[in-house]
**Student:** 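Please read through the structure below; I'll follow up with questions.
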Amino acid sequence: MNKPILPGTLVNGQPATLGVMGGGQLGRMFVHAAQRMGYFTVVLDPDPASPAGLVSHHHIQTPYLDEQGLAQLMQRSAAITTEFENVPAPALVTLGAHRPVAPGADAVAVAQDRAAEKAHFRACGVPVAPYVVIETPEQLAALIEGPGAVPEVSRVGADLFPGILKTARLGYDGKGQIRIQNRADLAAAWDGLKNVPCVLEKMLPLAAECSVIVARGADGAVVHFPVQRNVHRDGILALTEVFEGNLPLPIAKRSIDAAISIANGLDYVGVLCVEFFVLADGSLVVNEMAPRPHNSGHYTMEACDQSQFDLQVRTLAGLPLTPPRQHSPAILLNLLGELWFDAAGGAVTPPWAELLALPGTHLHLYGKLDARRGRKMGHLTMTGADIAAVRATAARAAALLGIAPF
Ligand code: ADP
Ligand code: MG
């Protein structure tokens, strides 16, 4: 095991510096957490205006696979993490040969591919939605013909329709997915996704969605946050509620146990988020995982004694992990780009002053200058003494923003 990288020390003659691949909002919040603890930071992201690049000590503005960029990142960093799951796995392999990289390239590669991810979940004994992998026109044709023609479908033993066709790679915020009613729609949907490898998944009757964030150290120590109850709209996270009793206790316990076994099964180092579906009959199905902090965990910055970014810093630097404790019930409300436009499409500024007049309201903006529909611009976290008070505040915030009630 590597020695811990202590903040405020010199490593190879320069201040202890933590590196991050990717300069989005997750990288920005990681940088803030690392800097607060006394680390220097370096971000690699080609965008000169990237949210994390704007606040980091150093910002390397090259493509992710650029040899010189990667060499500079290694030269500056004592250890390196990632903030988006689509960072090219070969870049992580290069970095990992010379520096501690967490999470490792192998774990990230599994999370980058829905087929590999689902195979891993099954290997860990955690149920997934019935699905098949579609990679070739022959597989598609067999699937259109009928379930009997496809061994994989026979294995699943279920009708997959209505279903969702999802690209195996590069999907996020509901992008790269098409909902289909029956097998007749399948060919057109696969064409619509440019015939890339996909998984076809049965549409399940969701009673609720939830996620669990765990942090695992190189020594195998694991800590976790409480289960988060998530509400998605149009495939994008809209709201997260976290308080004792947000989900029935057995479901909370099963999802935490599942997330831990998924992390252990990958010999994972870093922060991992696992998303679940809760079905009407009370059963739990794992949906996907993110090898990094997660949007549903942003409330931890104000509602817990350690945030998911603090734990990302600790796992990366090889520092001890202590179980985080939530001290306030919390609701997180995402701020998407459409809030920056009025009904006629004119530019507006959301009513920050009115929002900040609400008790226990914390505003986070990610420093993105151009607002677009569906783009994550920031979030609000509301905390309070009890969930009834927090819900009342969140309802007022949603009304001020013109967001439909939850
Ligand atoms: P993304 O990578 O875009 O987050 P997800 O697979 O998590 O993709 O899908 C986004 C959302 O779509 C989910 O949070 C859920 O609300 C809905 N969804 C996805 N798969 C299913 C399914 N099999 N059955 C019902 N709803 C689903
Ligand atoms: Mg998702």
Side-chain angles (χ1 to χ4, degrees), residues 24-26 83-87 108 110-122 126-134 152-153 156 158-182 185-186 189 192-193 196-213 227-241 247 255 258-259 262 271-298 332 334 336 373-376 379 404 406:
Q25 62 266 21
L26 299 172
E83 66 101 43
F84 72 118
E85 63 250 61
N86 293 322
V87 49
V108 173
V110 174
Q112 282 177 344
D113 185 307
R114 288 189 194 274
E117 181 176 74
K118 285 183 195 299
H120 176 68
F121 295 152
R122 287 170 58 205
V126 186
V128 298
Y131 76 100
V132 289
V133 179
I134 301 175
E152 271 288 277
V153 178
V156 169
D159 186 3
L160 292 166
F161 300 94
I164 308 188
L165 189 65
K166 303 180 179 179
T167 60
R169 305 178 72 85
L170 300 173
Y172 72 100
D173 287 348
K175 295 184 178 64
Q177 309 193 352
I178 297 181
R179 299 186 172 210
I180 41 184
Q181 283 312 308
N182 49 53
D185 298 341
L186 198 51
L193 295 174
V196 296
C198 283
V199 300
L200 171 64
E201 211 177 283
K202 187 178 178 61
M203 181 84 85
L204 298 174
L206 309 188
E209 293 190 65
C210 64
S211 55
V212 173
I213 294 168
V227 62
Q228 294 126 199
R229 184 180 179 135
N230 302 325
V231 178
H232 291 81
R233 285 183 176 166
D234 300 324
I236 306 179
L237 183 69
L239 172 137
T240 294
E241 272 196 330
L247 286 155
S255 55
I262 287 165
V271 171
L272 177 79
C273 180
V274 185
E275 294 182 21
F276 298 91
F277 298 145
V278 182
L279 306 188
D281 65 0
S283 58
L284 188 75
V285 166
V286 59
N287 173 29
E288 61 172 355
M289 62 180 170
R292 49 169 174 76
H294 192 258
N295 193 169
S296 63
H298 292 349
L332 171 147
N334 261 344
L336 302 180
R373 249 196 106 65
R375 188 174 197 207
K376 290 173 178 168
H379 70 268
F406 289 93

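Order of appearance sets the numbers: ligands from 1, and atoms from 1 within every ligand.
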**Student:** Out of all atoms in ligand 1, which are within 4.0 Å of some heavy atom of Asn287? Include the element for each.
**Tutor:** 5 (P), 6 (O), 7 (O)

**Student:** Should you measure from each heavy atom of Ile164, which atoms of ligand 1 turn up under 4.0 Å away?
**Tutor:** 18 (N), 19 (C), 20 (N), 21 (C), 22 (C), 27 (C)

**Student:** Are Lys118 and Phe121 in a cation-pi contact, defined as NZ or CZ under 6.0 Å from the six-membered ring centre and within 45° of the axis?
**Tutor:** no

**Student:** Of all the non-hydrogen atoms in the protein, which one sits nearest to atom 26 (N) of ligand 1, and at what distance?
**Tutor:** Leu206 CD1, 3.6 Å

**Student:** Taking heavy atoms and a distance under 4.0 Å, where does Asn230 meet ligand 1: side chain, backbone, both or neither?
**Tutor:** neither

**Student:** Considering only non-hydrogen protein atoms, determine which one is nearest to atom 24 (N) of ligand 1 and report residue, atom name and distance to 0.1 Å.
**Tutor:** Leu204 N, 2.9 Å

**Student:** Counting C-beta onward and ignoring hydrogens, is there a side-chain heavy-atom pair between Val231 and Glu209 closer than 4.5 Å?
**Tutor:** no

**Student:** If you measure only the distance, is there a donor-acceptor pair under 3.5 Å linking the side chains of His298 and Gln25?
**Tutor:** no

**Student:** Suppose we measure from atom 3 (O) of ligand 1 to each protein heavy atom; which comes out shortest, and what is that distance?
**Tutor:** Gly174 N, 2.5 Å

**Student:** Heavy-atom distance to atom 14 (O) of ligand 1: which of Met289, Glu201, Glu209 wins?
**Tutor:** Glu209

**Student:** Gln177 side chain to Ile164 main-chain N or O, any donor-acceptor pair under 3.5 Å?
**Tutor:** no

**Student:** Identify the closest protein heavy atom to atom 11 (C) of ligand 1: which residue and atom is it, and at what distance?
**Tutor:** Gly235 CA, 4.2 Å

**Student:** Applying the side chain to side chain contact (heavy atoms under 4.5 Å, CB included) criterion to Cys198, which one of Val132, Leu165, Leu186 satisfies it?
**Tutor:** Leu165

**Student:** Check all N, O or S atoms of Glu288 and name the one closest to the Mg ion (ligand 2).
**Tutor:** OE2

**Student:** Just to be sure I'm reading this right: ignoring hydrogens, which of Arg179, Lys175, Glu275 gets closest to atom 12 (O) of ligand 1? Compare them by their nearest heavy atoms.
**Tutor:** Arg179

**Student:** Report yes if some heavy atom in the side chain of Ser296 is under 4.5 Å from a heavy atom in the side chain of Cys273; otherwise report no.
**Tutor:** yes

**Student:** Looking only at N, O or S atoms, which one in Glu275 sits nearest to the Mg ion (ligand 2)?
**Tutor:** OE1

**Student:** Any idea which protein heavy atom is nearest atom 1 (P) of ligand 1, and the distance to it?
**Tutor:** Glu288 OE2, 3.4 Å

**Student:** Would you say the side chain of Val126 lies within less than 4.5 Å of the side chain of Val274, judging by non-hydrogen atoms?
**Tutor:** no

**Student:** Would you say that Arg233 contacts Phe406 through its side chain, given a criterion of any heavy-atom pair below 4.5 Å between the two side chains?
**Tutor:** yes

**Student:** Would you say the side chain of Val128 lies within less than 4.5 Å of the side chain of Arg122, judging by non-hydrogen atoms?
**Tutor:** yes

**Student:** Could you tell me whether Asp281 atom CG has more than 12 heavy atoms of other residues or ligands within 6.0 Å of it?
**Tutor:** yes

**Student:** Does ligand 1 have a heavy atom under 4.0 Å from the side chain of Arg233, from its backbone, from both, or from neither?
**Tutor:** neither

**Student:** Students should be able to answer this: which protein heavy-atom is nearest to atom 8 (O) of ligand 1, and at what distance?
**Tutor:** Gln177 NE2, 2.8 Å

**Student:** Considering only the protein, which heavy-atom contact is closest to atom 6 (O) of ligand 1, and what is its distance?
**Tutor:** Lys166 NZ, 2.6 Å

**Student:** Answer with side chain, backbone, both or neither: which part of Met203 has a heavy atom less than 4.0 angstrom from an atom of ligand 1?
**Tutor:** both

**Student:** Kindly determine whether Val199 and Ile134 satisfy side-chain contact (heavy atoms from CB on, under 4.5 Å), including the steps that lead there.
**Tutor:** CA-CA 6 Å; Val199 300; Ile134 301 175; over 6 Å; no

**Student:** Which of the numbered atoms in ligand 1 are below 4.0 angstrom from a heavy atom of Lys202?
**Tutor:** 22 (C), 23 (N), 24 (N)

